[in-house]
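Notes follow the structure.
The sequence lines fix the lettering, A, B, ..., with proteins before strands; numbering per chain opens at 1.
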Protein chains: 2
Amino acid sequence: MKKDKHGCDLQSCMLCTLCIPAWKPALAAHRQHLTFKKGELLFREGEPVNGIYFVNAGKVKVHKHWGEGKELIVRFAKDGDIVGHRGVGSEMVYPVSATALEAVNICFIDMTFFQATLKVNHDFLQALMMFYATELQESEKNMRNLVHMPVKGRIAHALLNLQRKFGVNEEGYINMTLSRQDIASYTGTTYETAFRIMSDLIQEHIIIISGKSIAVKDPARLARLELEAG
Amino acid sequence: MKKDKHGCDLQSCMLCTLCIPAWKPALAAHRQHLTFKKGELLFREGEPVNGIYFVNAGKVKVHKHWGEGKELIVRFAKDGDIVGHRGVGSEMVYPVSATALEAVNICFIDMTFFQATLKVNHDFLQALMMFYATELQESEKNMRNLVHMPVKGRIAHALLNLQRKFGVNEEGYINMTLSRQDIASYTGTTYETAFRIMSDLIQEHIIIISGKSIAVKDPARLARLELEAG
DNA sequence: CGGCGTTTTGAAACTCATCAACAAGTGTGG
DNA sequence: CCACACTTGTTGATGAGTTTCAAAACGCCG
């Protein structure tokens, strides 16, 4: 983690864009520009909450762990997204960890200033509430999927999700490279199972893998896998 | 569903208690007192959102369905709780259904007034945001549990949750009667499996069932079942 | 008493996790 | 540049945990 004096990009950070003019100087004083290397931890589950992270560049995974080695990836974040907001609430410890998936560029706001802003900045509060509401819907949809969908359906769903969120490059590959382990953690299964299912999908010509990149060749068939059980 | 002219109890409804004085008359004009019988649907997943429900009395289950007959109970609500807030967000359709588990007493606020209040009432907005944040944490904890805990642990967790949320009567029975089907839907398993696990718990003298009521006799052992795998 | 829904139990089928072993890359230091 | 350790990818065999199907036992009400 490296600090420097730059403020964050006004385009991509919700707090900056919604900051009321009178507070801009205070915001500038309180925000820190942090950088994290691939694999570095932004914060760890169980740690006391010290602030909120706005992603300016790079990708982050947000995960909850369980026992030794097991984890569940709850969400991915990219530029423009917020991370660490899950610490808001009754207990002041992060309920999740966040790890940089590549070099990451963060605008960090300490908790005190964040709380103060919430009390004063109505637009920001409202945007944040909407954001929470959407995340809650998303979370509960995923919950149902984890319970009722077989692994193949969950992986199909995950791939379509990733494609929607991160987009594709000129050749149709998803703009996101994930280890199989991360795919497994995201779909709530094991490394081996995730691997086998992905192999199946390749055999069936539904997806193509080149190096670490994945391309969805037959989105219709993937979508069918999602619905098969419901 | 029956309507009458009573406003809702000021003690138990968040919107009423946080309503700014100047808005009280408008609130009185816009709120409706509704009653639902056991088994009645407050609203159905997929329907357009028409407002928010504040529970004054009775218990409600909030559930998402999947295919024919399968459902996942996402949450229970009792007096003082909000239902229907999951409709707030991008799409204006309820992402869940809500069903009365017993005779229920509701203070209903139509969406237009609710939205207007959000724009003006900072305290309410803030309370609501906190509520969402807490729900999100809860949801993601449950998500991890559904993935990584065996059914027995999930049922243990569910029972402890219910006991904490609804309390117990003088004889130690949880103030909440659920069908086995609902327990199954809440823990993401089937009727038969839920039944078998509950039988085990009775055999092991961890819980007692009398009629439709459940009492936790050995909370320590239940808690251990939760943690066993993590 | 006979029907009907819920509870209870048994057994088979299946999905998926686990374990184990090995191959194929990836990086590191000599 | 090669040898080494180390991570990541690959595959098969096995078993535990759950779902599913089916059927018997039970309670309840007309």
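Taking atom CE of Met149(A) as the reference point, atom P of dT19(D) lies 16 Å away to the nearest angstrom. For the pair Ile209(A) CD1 and dG9(D) P, the interatomic distance rounds to 10 Å; values are reported in whole Å. Between Lys152(A) atom NZ and dA17(C) atom C1' the separation is 18 Å, expressed in whole Å. Atom pair Ile183(B):CD1 and dT6(C):P shows a separation of 15 Å (rounding to whole Å applied). The distance from atom CZ of Arg180(B) to atom C1' of dT9(C) is 14 Å, rounded to the nearest whole Å. Here the P atom of nucleotide dT19(D) and the CG atom of Leu146(B) are 11 Å apart, to the nearest Å.
In the displayed structure, Lys165(A) atom NZ is contacted under 6.0 Å by more than 12 heavy atoms of other residues, nucleotides or ligands.
Of the candidates dT8(D), dC16(C), dT18(D), the closest approach to any side-chain atom of Lys212(A) belongs to dT8(D).
For the segment residues 191-205 of chain B, residues with any heavy atom less than 4.0 angstrom from an atom of DNA chain D are, sorted by number, Glu192(B), Thr193(B), Arg196(B).
Contact between the side-chain N/O atoms of Lys70(A) and the OP1/OP2 oxygens of dT18(C) is found at a separation under 4.0 Å. Using a 4.0 Å cut-off, no side-chain N or O of Thr189(A) falls inside it from OP1 or OP2 of dC16(C).
Glu138(B) and Arg75(B) are not joined by a salt bridge, as no carboxylate oxygen comes within less than 4.0 angstrom of a charged side-chain nitrogen.
Aromatic ring orientation, Tyr94(B) versus Phe43(B): parallel (interplanar angle below 30°, classes split at 30° and 60°).
The closest side-chain donor-acceptor pair between Glu71(B) and His148(A), if any, does not fall under 3.5 angstrom. A donor-acceptor contact closer than 3.5 angstrom is absent between the side chains of His63(B) and Ser185(B). In this model, no donor atom of one side chain and acceptor atom of the other lie less than 3.5 Å apart for Asn142(B) and Tyr186(B).
The shortest distance between side-chain heavy atoms of Val151(A) and Arg154(A) falls below 4.5 Å.
Side-chain N or O atoms of Asn169(B) include one that pairs as donor or acceptor with a backbone N or O of Tyr173(B) at under 3.5 Å.
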Each nucleotide N or O in nucleotides 21-28 of chain C that has a protein N or O under 3.5 Å away: list the pair and distance.
none

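Applying the side chain to side chain donor-acceptor pair (under 3.5 Å) test to every pair with at least one member in residues 208-223 of chain B, sequence neighbours left out, gives these pairs: Asp218(B)-Arg221(B).
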